[in-house]
Amino acid sequence: MELNRLSLHNFRSYAELELEFPSGLTALRGPNGIGKSNLLEAIGYLSTLKSFRGVPGEAMVARDTSSAVLRADVVDADGRAALIETEITCNGRARTQVNRVRSRRARDVLETFVVSVFSPDDLKLLKQGPSLRRDYCDDVLVAIRPANDLVRADWEKALRQRNAFLKQLRSSARASLPEPEATTLAVWDQKLSEAGDILVSLRESLVARITPAVAEAYRDLGGGSDLVEIRYQRSWKGPLGDALAEGTGDDIRRGVTLRGPHRDELEIRLNGLPARTHASQGEQRCLSLALRLAAHRELTGSRGSPPVLLLDDVFSELDPRRSRALLDSLPQGQTFLSTATMLPDGCEPDLDLRVTNGGAQVREWVP
Amino acid sequence: MSAYADSVQDLIDAFARLPGIGPKSAQRIAFHLLKAEPEESRNLASAVTAARERTRFCERCFNISEETLCSICVDPKRDSDLLCVVEEPRDVVAVERTLEFRGRYHVLGGAIDHLQGVGPEQLRIKELLARVGPEETREVVICTNPNLEGEATALYLNRVLDVPGLIVSQIASGLPVGGDLEYADELTLGRALTGRRLIQGEST
């Protein structure tokens, strides 16, 4: 996969920008806060239709303008050229076209253009709660096969309905459920268990596949021969339908569904101990990179060509040895990296750009 | 401060509240009426009022009707033991257009959607259960929409229509006629495969 040309209009700090990229490595250099990440964010948006910084659409529209326009000439995994265009309005709504055909769903774009993002925020995968790790799993599943987005959406819709119904029941709490409430809840238990079973089996097979890949990536990144394990821990036992039925009392009291894929954990262990609580800062950073690298390799294999790689200020947090190891471990493919400091040793960009002038311009780097 | 006279703005607002009409279309319709003969506006107004005043829900099937019972319910040529359950009156029109269904209807008035505050009690399900026995219904065909809310409603109906001897069926979902397999989305095609039908041999 490749990004040949990018043009931005009123996107964050860029009023007007047009750039062409080589198929190898592009380096974006400049001081902090100048707009390097904005460029990477724009490239990422053209794949997933959301910001990898987790901000809403309107935040990406330049101040005092009505909309941002992003346009990219890309080449998909099969070598076909495609034009991806998207307009984000200042109320956060987006319209996207692939080859001039309106696409309503993010997965239409993902069929054509996939990115892998590495950023210092990845450390949160190790340090913070389970929702980020579930999202990691689901995002990889969707990138591998965009139609998996439907599985996630089906589950979320059914869960929202059941939770809305539980809230309604909470206000009329009774020992046993009368009709028609009992049947209604049984219907949602069935719908949730159908959708949940599919989602969890996808997640579990991904975890089984990716665990050796993460361990390998950890070694490649110089993490040594530590034992890396990832365990998918369900928040229930037995069939999901039964667990939901058993938990009815608790669910009604709390007004939310307390068991299911939305409460599951992806536990990462290092040498037999939970990495979240027991691993050092350095080990956690190495593990977070290993998770991203393993996903990137998995995507490279399953999509038949490496996704476009965005390395957002990754090297500032790594020592030279580990930076080198990361660069050596990446599959051959188009790469964009941003840095406020020096490039890692031995890193020779095909295009060396300097972001300057309040982030509004990009010009070729002259040492 | 509106750029239009108050009455014009009121008209535009009234159109814009209708489903499927945005602010631009509302404005366009309003100006069309103002430009056209007064007769056209009078006809529109009286058509709206007449339709609203003359119609009500059929007391049996809750389809829209001008009489106590709708034309389908009083039609003696209709199979009285076959009942098609739909969400809205417009779905009756859709099924009627097929010319494939010769039974009667029951309009639920929506689908289970707790986010919109619609549970089974808000739908005409009690009325459906009250019909099945006295009308000696042989088969209930559930024709709710193939989305989450419609499917949940179908599941609910299947559970409560637990009447000895009654057949409960659900409309199949699959591919559009005249379409190409390769253009079908995988969800629809998957459903069509799951719901495939036997044309030779015995089912296992």
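Computed from a predicted structure; not experimentally measured. All chains are named by letter (A, B, ...) in the order of the sequence lines, taking the proteins before the strands, and each is independently numbered beginning at 1.
- When heavy atoms are compared at a cutoff of 4.5 Å, A/Glu179 does not approach chain B at all.
- A/Thr257 and A/Asp251 share no donor-acceptor pair across their side chains, judged by distance under 3.5 Å alone.
- Summarising the geometry of A/Val114 relative to A/Met1, their closest heavy-atom pair is N-SD, 3.3 Å, with the distance given to 0.1 Å.
- A donor-acceptor contact closer than 3.5 angstrom is absent between the side chains of B/Glu127 and B/His106.
- The residue among A/Gln161, A/Arg162, A/Lys191, A/Lys157 with the most heavy atom pairs within less than 4.5 Å of chain B is A/Gln161.
- For B/Asn158, no part sits under 4.5 Å from any heavy atom of chain A, backbone or side chain.
- Taking chain B as the reference chain and counting heavy-atom pairs below 4.5 Å, the highest number among A/Ala158, A/Ala186, A/Ala164, A/Pro180 is found for A/Pro180.
- Between atom CZ of residue A/Arg152 and atom CG of residue A/Leu202 there is a gap of 11.5 Å, rounded to the nearest 0.5 Å.
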